[in-house]
Asks: 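First the structure, then my questions, so here it is.
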Protein chains: 2
Amino acid sequence: MSELLKNQFKKIIEITDDEYDYILSHFITKKFKKHQFLVQEDQVVVYDYFVLSGCIKSYYTDENDKMHILLFGTQDWWISDYEAYYFKKKARVNIDCLEETEVLCLSLENREKLCKEFHRIEHFFRKKTNRRNVALQNRILTLLSSSAKERYEKFIQDYPSLVQKLPKHILASYLGVTRETLSRLYSTK
Amino acid sequence: MSELLKNQFKKIIEITDDEYDYILSHFITKKFKKHQFLVQEDQVVVYDYFVLSGCIKSYYTDENDKMHILLFGTQDWWISDYEAYYFKKKARVNIDCLEETEVLCLSLENREKLCKEFHRIEHFFRKKTNRRNVALQNRILTLLSSSAKERYEKFIQDYPSLVQKLPKHILASYLGVTRETLSRLYSTK
DNA sequence: TAAATAACTTGATCTATCTCACATTTTATT
DNA sequence: AATAAAATGTGAGATAGATCAAGTTATTTA
């Protein structure tokens, strides 16, 4: 079945087909329709999600109902509210679908079980988390040091395929500008 | 010797004194004076640093020579340019000392060796990185959704002891505002 | 396929924050 | 202790980006 996750493992660790089957048995598959929620604010976060297909967004809504996007999830990405997931808190963010989306769901208990049973799986997740770290750090750098226009152009470079499918006001909210400003950025070349 | 690191391990994993001695033998100790560099832009990053005492900053310098602070390191914190460290690239940031600082240095080779030899150490680093991830995510959230004043007040709440020892223009650059603006934020209560 | 809803654009105005300039205070250095 | 070098404060003016408002174009949904 899903070769996507297996391939992601294989980029970092060695894994037999039998092992993979066993590991996969710790995940459950879910399908969500457009606009459906995977995670809702103030609720418990049971899973980390590995995206098989589709596209989802994780966002925080402030006092003025303004949405701030933390992360997109497309094929091959992991996404969750990690603070809530790891530390069993209530979610601060919402995660919902920009289009029909299929995910593999891993509970914290199963994640820790697998990490305990397979040193290699723990290794895999450590490496993954390291990379996420680097990406987050770089986003902070960009937010601190670049103008709205520069951030927009960097996004196009980094995620050309995402730019296609994202509504502009969603992209704006990821970049930290209003939709009006974003609209002006690419008209006023 | 250094109980600091041992205690940090013990918060997450079990470890005997003998094991700790062995692990510690993979670190080297270094002392730096104020203004000395631990990491310099465009150079190789050999170590991840665990701060025993003192205070350091990690910052990026943009085309206009404006400094943007990514991270402070004080007692009990790990700090490095992780993109350069993990992926053996040249550093994008500088890391230097705000005061005399003593650190434990861990090379990537020794880190990976320890992770291979002790499943528990790999577990420790995974957990640590998870927490760092959450902190970085929250900083992004703050940068996206809060005003300069709100960010300043949050910093005071989160790191009261750091506010004391940091020069204001350094704090400003962490918060993503100019020193002039920061100065006005706390005069115009 | 019409009606309703969501997405996008553009103009006019407003505002938080930046820039530049200079004065004052604090901290290093000889 | 004297001098140089950083750090800080404050005013005046500039500006990137926000807000508010209205109109247009897509995309859903019934």
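We name chains A, B, ... by the order of the sequence lines, and we start the count at 1 in each one.
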Asks: Roughly how many Å is it from CD in Glu99(A) to P in dA7(C), rounded to a whole number?
Replies: 14 Å

Asks: Without decimals, in angstroms, what is the distance between Asp65(B) CG and dT19(C) C1'?
Replies: 16 Å

Asks: Would you mind reading off the distance between Arg184(A) atom CZ and dG11(C) atom C1', rounded to a whole angstrom?
Replies: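 Rounded to whole Å, this separation is 7 Å.
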
Asks: Flag yes if more than 12 heavy atoms outside Glu99(A) fall under 6.0 Å of its CD atom; otherwise flag no.
Replies: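 Yes, the 6.0 Å shell around CD holds more than 12 heavy atoms from other groups.
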
Asks: Identify which one of Ser80(A), Ser107(A), Cys105(A) satisfies the side chain to side chain contact (heavy atoms under 4.5 Å, CB included) criterion when paired with Asp48(A).
Replies: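 Only one option passes, and that is Ser80(A).
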
Asks: Just the rounded figure in Å: distance from C1' of dT27(C) to NE2 of His35(B).
Replies: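 That distance rounds to 10 Å.
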
Asks: Roughly how many Å is it from CD in Glu180(B) to P in dA21(C), rounded to a whole number?
Replies: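 Whole-Å distance recorded here is 12 Å.
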
Asks: Quick one: is dC8(C) close enough that its OP1 or OP2 comes under 4.0 Å of any side-chain N or O from His169(A)?
Replies: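 True: His169(A) side-chain N/O within range (under 4.0 Å) of dC8(C) OP1/OP2.
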
Asks: Among dT10(C), dC8(C), dC18(C), find the nucleotide with the atom closest to the side chain of Thr178(B).
Replies: dC18(C)

Asks: Report the distance from atom NZ of Lys168(A) to atom C1' of dT10(C), rounded to the nearest whole Å.
Replies: 16 Å

Asks: We want to know whether Glu117(B) and Tyr22(B) form a side-chain donor-acceptor pair, criterion being a heavy-atom distance below 3.5 angstrom.
Replies: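 Tyr22(B) and Glu117(B) do have a side-chain donor-acceptor pair below 3.5 Å.
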
Asks: What is the first contacted nucleotide of DNA chain D and what is the last, in 5' to 3' order, if contact means an atom lying under 4.0 angstrom from a heavy atom of chain A?
Replies: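 Contact boundaries, 5' end first: dG17(D) to dT28(D).
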
Asks: Taking atom P of dC18(C) as reference, at what distance in whole Å does atom NZ of Lys149(B) sit?
Replies: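 Atom-to-atom, Lys149(B) to dC18(C), this comes out as 15 Å.
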
Asks: Starting from the 5' end of DNA chain C, give me the residue, Leu182(B) or Lys34(B), whose nearest nucleotide shows up first.
Replies: Leu182(B)

Asks: How many Å lie between CG on Asp96(A) and P on dA6(C), as a whole number?
Replies: 13 Å

Asks: By nearest atom, which of the nucleotides dC20(C), dT10(C), dT9(C) is closest to the Arg179(A) side chain?
Replies: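 My answer, after comparing the listed nucleotides, is dT9(C).
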
Asks: So do Gln137(B) and Leu70(A) actually touch side chain to side chain, heavy atoms under 4.5 Å?
Replies: yes

Asks: Check the phosphate of dT9(C) against Ser183(A), side-chain N and O only, distance under 4.0 Å to OP1 or OP2. Yes or no?
Replies: yes

Asks: By nearest heavy atom, map Ala148(B) and Pro167(A) onto DNA chain C; which one lands nearer the 5' end?
Replies: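 Between the two, 5'-proximity favours Pro167(A).
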
Asks: If the plane angle is over 60° it's perpendicular, under 30° parallel, otherwise tilted; pick one for Trp78(A) and Phe27(A).
Replies: tilted

Asks: For residues 155-170 of chain B, tabulate all N or O donor-acceptor pairs below 3.5 Å that involve a side-chain atom, not counting sequence neighbours.
Replies:
unit_1: Asp158(B); atom_1: OD2; unit_2: Lys154(B); atom_2: NZ; d: 3.0
unit_1: Gln164(B); atom_1: NE2; unit_2: Pro160(B); atom_2: O; d: 3.4

Asks: Flag the pair Leu4(B) / Phe50(B) as yes when at least one side-chain heavy-atom distance between them is below 4.5 Å, and no otherwise.
Replies: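 Leu4(B) vs Phe50(B): side chains touch.
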
Asks: Can you find a side chain N or O atom of Lys66(B) that sits less than 4.0 Å from OP1 or OP2 on dT19(C)?
Replies: yes

